[in-house]
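All ligand and atom numbering here is 1-based and tracks the order in the structure.
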Amino acid sequence: MISKKIQDALNEQVNKEFYSAYLYLAMSAYCDGIGLPGFSKWMRFQYEEEIIHVTKMYDYILSQGGDMHLQQIDEPPKTYGTPLEIFETTLAHEQMVTKRINDLMGLAMDERDYATQTFMQWYVTEQVEEESNVNNVLQPLRMVGEDKGGLMMIDQQLGQRLAPTPPVAAQ
Ligand code: OFO
């Protein structure tokens with residue numbers, strides 16, 4: 001069982017995770033449109049990751065007897081600038097999500113809700129990985145700058161990303 005406060009905070013986070021999915025799908029389309037299929041694929045798999053984040057939280061709310069309230073999802077931008085700008089936007093977004101996850105964990109601690117703390121630990125760990133994955137792309141992007149050959153190489157590498165697999169608890 002979860003309190004109304006936790007239930008509402010989790011519902012809001014479901015909405016934010018849906019926005020993340022929407023954002024990365026929009027970025028995927030944008031990258032496709034500017035001729036970067038590897039970037040597009042990377043973002044498409046990032047979208048799929050976010051759907052896993054959504055589904056896992058959705059399942060948890062219902063398993064705790066909470067009310068699910070699917071709210072309106074904000075519209076993401078249509079354009080994102082250069083590949084470097086795309087990933088700078090992505091890092092800023094993930095840092096914002098990390099802050100939200102930490103706030104949710106803080107709320108679960110204030111409420112002495114141990115089940116939700118255990119549940120949220122998965123997201124805390126996941127955010128470390130999310131930020132690290134983005135930084136791993138940002139570093140070479142900063143090195144190559146505007147160099148087209150360098151960007152093509154990064155595009156090829158990003159195209160090798162594997163599809164995400166849902167954790168057992170979310171299946
Ligand atoms: Fe759901 O982690 Fe990215 O946003």
Please identify each residue that fulfils ring-ring contact (aromatic ring centres under 6.0 Å, His included) with Y80, with sequence neighbours left out.
Y30
Residues at least two apart in sequence or cross-chain that pass salt bridge (charged side-chain N to carboxylate O under 4.0 Å, His left out) with E48, listed by chain then number, are R44
Note: K41 and G159 closest approach over all heavy atoms is NZ-O, 2.8 Å
Set of residues satisfying salt bridge (charged side-chain N to carboxylate O under 4.0 Å, His left out) with respect to E12, sequence neighbours excluded
R100
As a test of understanding, state which of E130, E17, K16 forms a side-chain contact (heavy atoms from CB on, under 4.5 Å) with V97.
E17
Does the distance from a Lys or Arg side-chain N to an Asp or Glu carboxylate O, for K4 and E111, drop under 4.0 Å?
no
Check ligand 1 for close polar pairs with the protein: N or O on both sides, less than 3.5 Å.
{"from": "ligand 1", "atom 1": "2 (O)", "to": "E50", "atom 2": "OE1", "distance (Å)": "3.2"}
{"from": "ligand 1", "atom 1": "2 (O)", "to": "E50", "atom 2": "OE2", "distance (Å)": "3.2"}
{"from": "ligand 1", "atom 1": "2 (O)", "to": "H53", "atom 2": "ND1", "distance (Å)": "3.1"}
{"from": "ligand 1", "atom 1": "2 (O)", "to": "E94", "atom 2": "OE1", "distance (Å)": "3.3"}
{"from": "ligand 1", "atom 1": "2 (O)", "to": "Q127", "atom 2": "OE1", "distance (Å)": "2.9"}
{"from": "ligand 1", "atom 1": "2 (O)", "to": "E130", "atom 2": "OE2", "distance (Å)": "3.0"}
{"from": "ligand 1", "atom 1": "4 (O)", "to": "S20", "atom 2": "OG", "distance (Å)": "2.9"}
{"from": "ligand 1", "atom 1": "4 (O)", "to": "E50", "atom 2": "OE1", "distance (Å)": "3.3"}
{"from": "ligand 1", "atom 1": "4 (O)", "to": "E50", "atom 2": "OE2", "distance (Å)": "2.9"}
{"from": "ligand 1", "atom 1": "4 (O)", "to": "E94", "atom 2": "OE1", "distance (Å)": "3.3"}
{"from": "ligand 1", "atom 1": "4 (O)", "to": "E94", "atom 2": "OE2", "distance (Å)": "2.8"}

